[in-house]
> 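Take a look at the following structure, please.
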Amino acid sequence: MGKKNDKQEFVAHITPRSEDFSQWYTDVILKTDLVDYAPVRGCMVIKPYGYALWERMQAELDKRFKATGHQNVAMPMLIPESLLLKEAEHVEGFAPEVAWVTQGGNEVLPERLAIRPTSETLFCTMYAKWVQSWRDLPMKYNQWCSVMRWEKTTRPFLRTSEFWWQEGHTIHATPEEAQEETLQMLEVYRDFAENVLALPVLTGRKTDKEKFAGARATYSMEAMMQDGKALQAGTTHNFGTNFSEAYGIQFLSKEGKLEYAHETSWGTSTRLIGAIVMTHGDERGLKLPPRVAPIQVVILPIAMHKEGVLERARALKAELEAAGLRVELDDRDTYSAGWKFNEWEMKGVPVRLELGPRDIENGVAMSMRRDTLEKKPLELDGIADTVKALLDDIHTTMFEQARAFRDAHIYTATTLEELEKGVQNGFVKAAWCGCRECEDKVKELYNASTRNMPFDQSGMPSDKCVVCGKPAEKLIYFAKAY
RNA sequence: CGAGGUGUAGCGCAGUUUGGUAGCGCGUUUGGUUCGGGACCAAAAGGUCGCAGGUUCAAAUCCUGUCACCUCGACCA
């Protein structure tokens with residue numbers, strides 16, 4: 001009693017989202033134990049709760065990669081400088097952010113080694129060795145690893161010097177097949193983002209200015225954070241024969257002709273964890289999508305010193321686990337029920353089940369869903385199925401809520417003034433002439449960039465470019481981006 | 001990397017202007033009472049004041065450098 005201020009203090013440790021979005025984000029990821037800062041410039045330590053989330057994401061993605069015919073491999077972390085230099089555009093793009101190893105033991109190395117910022121150069125070198133004939137194609141490999149980019153400004157998950165990701169690299173006999181692969185993997189990413197992470201994304205093609213260094217075409221999925229800024233959540237690239245020409249990946253075709261292979265690559269990273277936080281989180285903290293939440297259901301025994309409560313709670317846990325759910329039984333007696341409620345809400349567990357003597361007597365458990373905070377008693381009889389359905393509903397509700405937010409923050413602009421206003425709060429959908437100068441101008445004036453050009457180009461708001469007024473070529477999204 | 005701000009116990013902060021024995025709340029530990037929305041009582045532990053130099057009889061406080069975080073730019077998944 002008389003501790004009202006203390007009660008508020010715990011929640012107040014998270015800066016209100018409405019007050020300072022950046023600080024809210026930092027508070028949430030630190031206080032929910034997803035991550036900590038490392039004693040290395042710009043690097044993060046992913047803690048058990050955060051890593052469990054990443055493992056769930058990996059499992060879901062990996063399953064989809066395998067289902068589309070890809071195999072995992074492991075490449076070295078170091079790239080000899082001479083190898084990195086072979087594709088000019090690629091080097092130019094990555095050179096400013098490469099970290100170098102110059103010494104081994106006590107000896108200075110004759111050739112310095114780059115710590116991989118991405119592994120196109122290694123994959124291409126190996127593909128050149130492995131591919132001889134059209135019968136060897138396609139080769140569709142992926143690796144899970146970390147890469148290092150010496151970034152100027154870093155933020156946990158969104159941009160760190162070292163980050164964990166997957167990079168798929170494939171080579172194909174024909175341009176059609178490479179293009180099909182590029183679009184297929186973008187679709188795999190979209191499906192994963194929307195149906196697993198509950199993140200609505202806009203897919204489309206990047207402009208030449210924004211495409212990957214060395215790519216002929218880059219496609220992306222773009223998500224909107226709750227401050228209206230865009231987060232590039234995944235990219236796929238079609239390199240054509242750019243890299244195979246530089247690295248000599250040639251094969252004998254069916255017709256006996258020596259041809260260059262067509263290459264693609266695609267990647268998603270731990271940045272997606274940041275996207276989950278910034279898309280779904282609220283004033284209480286995290287809100288984790290049920291399909292990747294490390295803990296889907298937390299059981300809180302109430303008055304657990306009373307006879308039979310803990311036993312019944314354990315049986316409930318076993319029953320739910322047997323049904324394939326990820327369950328935590330919080331039987332810590334050091335904290336009050338109310339304290340635990342708040343902690344698990346902050347950590348974003350989708351469903352809480354309270355089980356006390358009264359519930360047991362009535363044959364129910366009191367449920368609370370994190371997305372809407374709605375409480376409802378659930379019959380213990382057949383509860384596993386009920387909870388599964390509830391988790392599915394939470395997923396759908398979270399996705400719909402995020403999509404409604406996004407759609408409400410997409411503005412159509414036909415003038416620069418409208419564009420300026422729009423990118424303060426969200427994305428701007430506009431007609432664009434296709435020239436680099438107009439992109440640069442928007443960047444310079446409003447610090448916003450082009451995100452991508454949707455595949456469905458219908459519904460152009462104007463036949464004139466929003467920037468220069470010349471005839472419009474493309475429907476495109478502009479936004480400030482992370 | 002440029003401009004501005006912050007850094008004192010695990011967390012949140014006071015103390016810095018005007019140099020003079022390191023403080024508060026929460027948390028933690030131990031014992032007890034509690035337990036359906038952030039419990040209570042009692043006792044205890046915990047800090048080379050981000051780090052490195054310097055000035056001084058004396059530095060959390062003044063000076064220089066450096067690191068990290070936040071905001072705004074330039075660069076990027």
Side-chain angles (χ1 to χ4, degrees), chain A residues 1-15 20-27 30-31 36-44 93-98 117-118 146-167 189 206 210 212-213 218 220-223 230-237 265-275 284 300-306 309 331-346 352 354-360 365-366 368 373 375 377 443-444 446-447 449 480-482:
Chain A
M1 284 298 150
K3 299 294 266 182
K4 195 152 191 189
N5 290 335
D6 297 342
K7 284 183 181 178
Q8 286 164 349
E9 191 170 342
F10 190 78
V11 171
H13 285 182
I14 295 178
T15 303
D20 183 341
F21 192 77
S22 279
Q23 193 59 55
W24 167 84
Y25 173 77
T26 307
D27 286 352
L30 290 176
K31 286 170 203 302
D36 203 354
Y37 294 104
V40 188
R41 196 208 87 111
C43 291
M44 62 178 166
F94 280 100
E97 50 187 43
V98 169
T118 177
S146 74
V147 290
M148 177 159 278
R149 301 177 187 179
W150 216 253
E151 301 286 355
K152 310 274 194 214
T153 306
T154 60
R155 296 184 92 183
F157 296 126
L158 301 181
R159 172 163 292 104
T160 47
S161 298
E162 184 184 17
F163 59 92
W164 287 265
W165 76 344
Q166 58 69 214
E167 47 177 329
Y189 285 161
K206 287 285 197 183
E210 298 288 332
F212 182 85
T218 290
S220 74
M221 57 174 179
E222 305 282 335
L231 187 75
Q232 183 173 300
T235 47
T236 70
H237 316 288
S265 83
W266 27 275
T268 53
S269 72
T270 41
R271 170 182 264 193
L272 283 170
I273 296 175
R284 297 193 184 207
L300 289 189
I302 303 296
M304 58 182 175
H305 59 286
K306 296 258 172 70
V309 172
D331 58 0
R332 294 174 295 176
D333 60 2
T334 41
Y335 300 104
S336 69
W339 192 93
K340 292 179 186 176
F341 290 169
N342 285 282
E343 186 184 41
W344 290 115
E345 281 164 18
M346 182 178 77
R352 178 179 81 223
E354 298 164 40
L355 191 67
R358 282 209 300 272
D359 301 310
I360 295 171
M366 182 60 74
M368 206 256 352
L373 305 175
K375 280 175 104 160
K443 178 77 184 174
E444 196 188 318
Y446 313 126
N447 192 30
S449 52
K480 295 188 179 185
Y482 276 100

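By convention in this document, chain letters (A, B, ...) are assigned in the order of the sequence lines, proteins followed by strands, and residues within each chain are numbered from 1.
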> Protein-nucleotides 44-47 of chain B N/O pairs closer than 3.5 Å?
none

> Which whole number of Å gives the distance between the C1' atom of B:A45 and that of B:G27?
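About 13 Å, rounded to a whole number of Å.
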> Which nucleotide in the set B:G36, B:A68, B:G73 lies at the smallest distance from any side-chain heavy atom of A:Ile302?
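That would be B:G36.
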> Hey, does A:Thr154 reach any base, or is it just sugar-phosphate, or nothing, if we go heavy atoms under 4.0 Å?
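The answer is sugar-phosphate, as A:Thr154 gets under 4.0 Å only of primed atoms, P, OP1 or OP2.
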> Using a heavy-atom cut-off of 4.0 Å across all strands, would you classify A:Lys206 as base, sugar-phosphate, or nothing?
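Nothing, no nucleic acid heavy atom in range.
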> So what does A:Leu231 hit on the nucleic acid, given a heavy-atom distance under 4.0 Å: a base, only sugar-phosphate, or nothing?
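If one applies the 4.0 Å heavy-atom cut-off, A:Leu231 turns out to touch nothing in the nucleic acid.
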> Describe the nucleic acid contact of A:Glu345 in one word from base, sugar-phosphate, nothing, applying a heavy-atom distance below 4.0 Å.
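The answer is base, as A:Glu345 lies within the cut-off (heavy atoms under 4.0 Å) of a base atom.
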> In whole Å, measure the gap between the C1' atoms of B:C24 and B:G32 for me.
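To the nearest whole Å, 27 Å.
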> Between the protein and nucleotides 1-9 of chain B, list the N/O to N/O atom pairs that are separated by less than 3.5 angstrom.
{"residue": "B:C1", "atom": "N4", "partner": "A:Thr153", "partner atom": "OG1", "Å": "3.0"}

> Under the rule for salt bridge (Lys or Arg N to Asp or Glu O under 4.0 Å), what residues qualify as partners of A:Arg332, not counting sequence neighbours?
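Testing A:Arg332 for salt bridge (Lys or Arg N to Asp or Glu O under 4.0 Å), a comparison that skips the adjacent residues, returns A:Asp330, A:Glu343.
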> Of the nucleotides B:G36, B:G37, B:A77, which has the atom closest to the A:Met366 side chain?
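Out of B:G36, B:G37, B:A77, the nucleotide with an atom closest to A:Met366's side chain is B:G36.
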> Of the candidate nucleotides B:G36, B:C70, B:A77, which contains the atom at the shortest distance from the side chain of A:Arg149?
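Closest nucleotide among those given: B:A77.
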> Considering only heavy atoms and no angle criterion, is a donor-acceptor pair shorter than 3.5 Å present between the side chain of A:Asn447 and the base of B:G73?
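There is none.
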> Are A:Tyr335 and A:Phe341 near enough that their ring centres are under 6.0 Å apart?
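When the ring centroids of A:Tyr335 and A:Phe341 are compared, they turn out to be at least 6.0 Å apart.
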> Determine the interatomic distance between C1' on B:G10 and the same-named atom on B:U28; round to the nearest Å.
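Looking at atom C1' only, B:G10 and B:U28 are 8 Å apart.
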> Has the side chain of A:Lys375 got a donor or acceptor that lies under 3.5 Å from a partner of the other kind on the base of B:G37?
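Side chain to base: pair found, below 3.5 Å.
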> Mind checking if A:Phe163 touches a base, just sugar-phosphate, or nothing, with heavy atoms under 4.0 Å?
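The residue A:Phe163 makes base contact.
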> Using the C1' atom as the reference point in each nucleotide, state the distance between B:A59 and B:U8 in Å, no decimals.
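My reading of the C1' atoms in B:A59 and B:U8 gives 14 Å.
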> What interatomic distance, in whole Å, is found between C1' of B:U61 and the corresponding atom of B:G20?
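It works out to 11 Å between them.
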> At less than 3.5 Å, do the side-chain atoms of A:Glu354 and the base atoms of B:G37 form a donor-acceptor pair?
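Flag unset: no donor-acceptor pair detected.
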> What integer distance in Å separates A:Arg352:CZ from B:G37:P?
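Value for this atom pair: 10 Å.
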> Taking the minimum atom-to-atom distance to the side chain of A:Ser336, which one of B:G37, B:C70, B:A39 wins?
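The listed nucleotide nearest to A:Ser336's side chain is B:A39.
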> For B:G15 and B:U6, measure between their P atoms and round to the nearest Å.
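Here B:G15 and B:U6 have their P atoms 12 Å from each other.
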> Which part of the nucleic acid, if any, lies within contact of A:Glu151, taking any heavy atom under 4.0 Å across all strands shown: a base, the sugar-phosphate backbone alone, or nothing?
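Counting heavy atoms under 4.0 Å across all strands, the contact made by A:Glu151 includes a base.
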> If you pin A:Pro96 and A:Gly42 to their nearest nucleotides in RNA chain B, which one's is more 5'?
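Counting from the 5' end, the first nearest nucleotide belongs to A:Gly42.
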